[in-house]
Amino acid sequence: MSTDFTPRERRLIARLRTPDQVQRYLNRLPYNYERGGETLRSFRGVVRHGHAHCLEAALFAATVLEQHGFPPLVISFESIDKLDHVIFVYRARGRWGSIARSRDPGLHGRRAVFRTPRALAATYMDPYVDFTGRVTAFAVVDLDRVMGRYDWRLSVRNVWKVEQVLIDFPHQRLTMSDARYARLLAQYTAFRAANDDRKPVR
């Protein structure tokens with residue numbers, strides 16, 4: 001384990017040995033709605049502040065599980081409304097799974113049951129549809145390779161460079177038929193109107 005971690009961080013990493021344990025830990029953290037200012041915190045920032053949004057959760061998971069032999073891989077999603085989503089992805093017993101946090105039901109982590117990253121990414125398309133969202137593309141990104149010496153793990157400052165690198169990274173198209181999108185949008189709109197603006201779980 002890196003000697004750059006604080007004792008508190010080392011204890012946390014030692015306790016969170018598996019993707020399931022990391023997902024459960026993140027589920028218990030309050031979601032970072034960024035009230036009072038936009039943030040993009042590293043693993044260290046998440047530990048210090050005690051909450052995380054989607055990209056912060058992905059960086060937390062990547063940092064922790066890297067210490068247990070998992071490469072720091074994320075999937076970046078592009079949407080027509082520019083409200084993108086980022087998840088940590090991993091491979092176990094030849095299958096792909098994910099760790100994720102979101103404000104929206106259906107966009108959290110997945111068990112490692114998918115044969116390819118594309119198959120995993122495709123499961124996020126339906127729950128992404130809301131009044132403005134529609135996934136158009138995805139990319140699997142190795143943070144260790146693309147970030148170089150940039151300190152996305154332990155910086156005490158906002159790590160905005162990570163966001164920009166993910167935005168600029170070439171994405172692969174994910175397509176949904178217009179008919180399917182229209183049906184999902186209609187279902188979403190009807191559910192919100194009938195349920196006091198609660199969001200459906202797909």
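Hydrogens, waters and symmetry mates are skipped; everything else that's a heavy atom, side chains included, is used.
Shown here for S155 and S42, the closest heavy-atom pair between the two residues is O-OG, 2.6 Å. In terms of heavy atoms, R134 sits closest to Y128 at N-CD2, 4.1 Å. In this structure, P72 and E66 approach most closely via the heavy-atom pair CG-OE2, 3.7 Å. Y124 approaches R110 most closely through the heavy-atom pair OH-CG, 3.4 Å.
For R118, the CZ atom counts as densely surrounded, since its 6.0 Å shell holds more than 12 non-hydrogen atoms of other residues, nucleotides or ligands.
Ring pair Y31/H53 is tilted by interplanar angle, where 30° to 60° counts as tilted. Note on ring orientation: taking the six-membered ring where Trp is involved, the planes of Y90 and F88 are parallel (angle under 30°, cut-offs 30° and 60°).
By the 4.0 Å N-to-carboxylate-O rule, R44 lies too far from D4 to be salt-bridged with it. With respect to the salt-bridge test (charged N to carboxylate O, under 4.0 angstrom), the residues R180 and D126 qualify.
Figure legend: R95 and F114 shown without cation-pi pairing, the cationic atom not lying both under 6.0 angstrom from the six-membered ring centre and within 45 degrees of its axis. For the pair R41 and F60, the NZ or CZ position fails the cation-pi test of under 6.0 Å to the six-membered ring centre and within 45 degrees of the ring normal.
At least one donor-acceptor pair under 3.5 Å links the side chain of H68 to the backbone N or O of I13. No donor-acceptor pair under 3.5 Å is formed between the side chain of Q23 and the backbone N or O of D20. With D81 contributing its side chain and G133 its backbone, the two residues share a donor-acceptor pair below 3.5 Å. Judged purely by atom type and a 3.5 angstrom limit, E163 has no side-chain atom pairing as donor or acceptor with the backbone of W160. Of the possible polar contacts, none joining the D142 side chain to the L73 backbone as a donor-acceptor pair under 3.5 Å is found. Of the possible donor and acceptor atoms, none in the side chain of R101 sits under 3.5 Å from a partner among the backbone N and O of E56. A donor-acceptor pair is defined here as one N or O able to donate and one able to accept, closer than 3.5 Å; such a pair exists between the side chain of D84 and the backbone of S79. Side-chain N or O atoms of E34 include one that pairs as donor or acceptor with a backbone N or O of T39 at under 3.5 Å. In this structure, T189 contributes its side chain and A186 its backbone to no donor-acceptor pair below 3.5 Å.
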Could you walk me through whether S102 and H85 pass the side chain to side chain donor-acceptor pair (under 3.5 Å) check? CA-CA 8 Å; S102 175; H85 189 40; 4.8 Å; no
